[in-house]
Student: 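Supplied in structure tokens, the structure appears directly below.
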Amino acid sequence: MVTLEDLKNVGFEDKVRLIPKRSIVSIEGLEKSGKTRLALTAPEPIVYIDLDVGTEGVIEPLMQDKNILLYQVEQPSKLGSPAELMDRFKNTWADIQNKINQVLQLEKGTLVIDTFTEAYDICRMAHLGKLAQVQPHQYQVCYADLREIFRLAYKSSINLIVLHKMNPNFNTGILEYKGWNDVSYQVQTTIRTNRDNSDKGPEFSATVQDCRQKPELMGRKLEGPSLKMDLLLNSIQSGT
């Protein structure tokens with residue numbers, strides 16, 4: 001018969017494990033809804049892996065006042081046969097994986113991947129050479145690569161923030177998530193950004209959609225002075 005002591009001797013624990021003071025977050029929203037600006041309020045130093053040309057001119061001005069390291073990924077052409085595209089994109093994807101692995105070895109700060117929607121597309125191009133007419137089972141090698149990123153993030157001491165695009169459904173108008181659907185199961189917190197245009201100009205806000213560490217934060221709206229990732233992450237990690 002197996003006893004509790006036998007289980008302890010083979011790795012089972014009965015003591016509370018120290019939880020790392022870092023968070024793994026997904027920020028999702030429409031284009032120009034403030035995803036990048038919100039991510040750039042995260043704890044510094046911020047290492048920003050930019051896969052989206054739409055961020056040009058947004059990050060650079062803030063680099064003068066914040067401790068930000070920017071790595072711009074130049075995507076290759078998507079013209080050509082699947083074999084040509086696989087050969088072209090595999091180097092890009094390998095470079096992204098290597099950079100992520102290096103950054104996650106920092107002792108403090110935040111890694112931002114903008115966007116993880118683009119990362120998913122690059123991963124698929126590297127492994128499959130196309131984004132459409134792919135059998136479900138063929139995606140498994142892509143999913144394995146993406147899960148590995150989050151596995152490394154959970155072992156890291158720094159925050160990971162992945163940005164995601166959303167688009168309204170053509171028929172219903174309901175916002176739909178673009179990218180790898182399993183992300184919501186991989187992250188600890190999901191935040192959705194919003195932009196309202198008024199006579200005074202654009203007004204940005206964000207809502208906590210899910211928070212595994214502090215479920216009571218679900219539904220909280222961040223706006224005005226509270227619209228800062230460092231404040232939210234401090235609240236989550238400190239338990240206050």
Student: Report yes or no: does E84 contribute a side-chain atom to a donor-acceptor pair with the main-chain N or O of S81 at less than 3.5 Å?
Tutor: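 Indeed, once roles are kept as given, a pair shorter than 3.5 Å links the two residues.
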
Student: Say you draw a straight line from CD of Q237 to NZ of K21; how long is it, rounded to the nearest 0.5 Å?
Tutor: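 So the CD of Q237 and the NZ of K21 are separated by 7.0 Å.
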
Student: Quick one: are C211 and I236 in side-chain contact, heavy atoms under 4.5 Å?
Tutor: yes

Student: Does S238 reach the main-chain N or O of N234 with its side chain, forming a donor-acceptor pair under 3.5 Å?
Tutor: yes

Student: Can you check whether Q138 reaches L128 side chain to side chain, under 4.5 Å on heavy atoms?
Tutor: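 A side-chain contact exists here, since the closest heavy-atom pair is under 4.5 Å.
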
Student: Quick check: closest heavy atoms across L40 and I46, and the distance to 0.1 Å?
Tutor: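 That closest heavy-atom pairing would be O-CD1, 3.5 Å.
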
Student: May I have the step-by-step check of side-chain contact (heavy atoms from CB on, under 4.5 Å) for I100 and I49, ending in yes or no?
Tutor: CA-CA 8 Å; I100 291 173; I49 297 181; 3.7 Å; yes

Student: Mind checking the OG-CG spacing from S205 to L38? Nearest 0.5 Å is all I need.
Tutor: 10.0 Å

Student: Under 3.5 Å, which donor-acceptor pairs link side chains of residues 101-113 to any protein atom two or more places apart or in another chain?
Tutor:
residue : atom : partner : partner atom : Å
Q105    : NE2  : N101    : O            : 3.2
T110    : OG1  : P43     : O            : 2.8
T110    : OG1  : N159    : ND2          : 3.4

Student: Do K8 and D6 come within less than 4.5 Å of each other through their side chains, counting heavy atoms only?
Tutor: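 The answer is no, as the side chains (C-beta and beyond) never meet within the 4.5 Å cut-off.
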
Student: So does A83 get a backbone contact from the side chain of D87, meaning a donor-acceptor N/O pair under 3.5 Å?
Tutor: no

Student: Just how far is it from atom CG of D145 to atom OH of Y120, taken to the nearest 0.5 Å?
Tutor: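 D145 atom CG to Y120 atom OH measures 12.0 Å (nearest 0.5 Å).
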
Student: Between T117 (side chain only) and K178 (backbone N and O only), is there a donor and an acceptor less than 3.5 Å apart?
Tutor: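 The answer is yes, because a donor-acceptor pair under 3.5 Å joins these two groups.
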
Student: Will you find, in the side chains of N194 and R192, an N or O donor that is under 3.5 Å from an N or O acceptor?
Tutor: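 The answer is no; no qualifying pair exists.
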
Student: Answer yes or no: are there more than 12 heavy-atom neighbours, outside R220 itself, under 6.0 Å from its atom CZ?
Tutor: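 Not more than 12 within 6.0 Å, no.
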
Student: How long is the span from the CG atom in D121 to the CG atom in L51, to the nearest 0.5 Å?
Tutor: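 One gets 10.0 Å once the value is rounded to the nearest 0.5 Å.
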
Student: Assess whether side-chain contact (heavy atoms from CB on, under 4.5 Å) is satisfied between R22 and S157, documenting all intermediate values.
Tutor: CA-CA 6 Å; R22 59 98 183 92; S157 300; 5.8 Å; no

Student: Checking R151 against Y154: charged group under 6.0 Å from the ring centre and within 45 degrees of the axis?
Tutor: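 No, cation not above the ring by the 6.0 Å, 45° rule.
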
Student: Nearest 0.5 angstrom please: S33 OG to R195 CZ, how far?
Tutor: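 Between atom OG of S33 and atom CZ of R195 there are 9.0 Å.
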
Student: Kindly check if the number of other-residue, nucleotide or ligand heavy atoms within 6.0 Å of CZ (R88) is above 12?
Tutor: yes

Student: Salt bridge or not for E44 and K66, using N-O below 4.0 Å?
Tutor: yes

Student: Any side-chain heavy-atom pair from F116 and V183 closer than 4.5 angstrom?
Tutor: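 The answer is yes; the side chains approach within 4.5 Å.
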
Student: Is a donor on one side and an acceptor on the other found under 3.5 Å between the side chain of R212 and the backbone of Y185?
Tutor: yes

Student: In this structure, would V141 and L85 fall into the same cluster of hydrophobic residues linked by side-chain contacts under 4.5 Å?
Tutor: no

Student: Is M229 close to I191 at the side-chain level, that is, under 4.5 Å between some pair of heavy atoms?
Tutor: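 In contact.
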
Student: Assess the residue pair T193 and E28 against the criterion (side chain to side chain donor-acceptor pair (under 3.5 Å)); give the C-alpha distance rounded to whole Å, side-chain angles, the decisive distance to 0.1 Å, and a yes or no.
Tutor: CA-CA 6 Å; T193 55; E28 60 184 31; over 6 Å; no

Student: Hey, mind stepping through Y48 and Q72 against side-chain contact (heavy atoms from CB on, under 4.5 Å) and telling me if it holds?
Tutor: CA-CA 8 Å; Y48 208 98; Q72 182 73 56; over 6 Å; no

Student: Applying a strict under-4.5 Å side-chain criterion to I, L, V, M, F, W and Y, I'd like to know whether M86 and M125 cluster together.
Tutor: no

Student: Does the side-chain contact (heavy atoms from CB on, under 4.5 Å) test come out yes or no for W93 and H127, once each step is laid out?
Tutor: CA-CA 9 Å; W93 180 237; H127 287 296; 4.1 Å; yes

Student: Would a 4.5 Å heavy-atom cut-off, applied to side chains only, mark L160 and V162 as touching?
Tutor: yes

Student: Other residues, nucleotides and ligands only: do more than 12 of their heavy atoms fall within 6.0 Å of NZ on K99?
Tutor: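 Yes, because the 6.0 Å sphere around NZ of K99 holds more than 12 heavy atoms from other groups.
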
Student: I need the minimum non-hydrogen distance between S77 and L79, along with the two atoms involved.
Tutor: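 S77 and L79 have their closest heavy atoms at OG-N, 3.1 Å.
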
Student: Are any side-chain N or O atoms of T172 and backbone N or O atoms of I174, one a donor and one an acceptor, separated by less than 3.5 Å?
Tutor: yes

Student: Between the side chains of D182 and Q186, does any donor sit under 3.5 Å from an acceptor?
Tutor: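 There is such a pair (donor and acceptor under 3.5 Å, judged by atom type) between the side chains of D182 and Q186.
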
Student: Under the criterion side chain to side chain donor-acceptor pair (under 3.5 Å), I'd like the reasoning laid out for S184 against D210: C-alpha separation, chi angles, the key distance, then a yes or no.
Tutor: CA-CA 9 Å; S184 60; D210 187 33; over 6 Å; no

Student: Look at the side-chain heavy atoms of Ile, Leu, Val, Met, Phe, Trp and Tyr, link any pair under 4.5 Å apart, and say whether Y143 and I24 land in one connected group.
Tutor: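 Same cluster.
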
Student: Looking just at side-chain N and O atoms, do D114 and T36 make a donor-acceptor pair shorter than 3.5 Å?
Tutor: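 D114 vs T36: donor-acceptor pair found between side chains.
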
Student: Determine, for K165 against E118, whether the closest basic-nitrogen to carboxylate-oxygen distance falls under 4.0 angstrom.
Tutor: yes

Student: Determine whether I59 and D50 make a side-chain contact, defined as any pair of heavy atoms from C-beta on separated by less than 4.5 Å.
Tutor: yes

Student: Hey, could you give me the OH/CZ distance between Y139 and R124, rounded to the nearest 0.5 Å?
Tutor: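 If I round to the nearest 0.5 Å, the distance is 5.0 Å.
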
Student: Taking the side chain as C-beta and beyond, is there a heavy-atom pair between K35 and M166 under 4.5 Å?
Tutor: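 No - every pair of side-chain heavy atoms lies 4.5 Å or more apart.
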
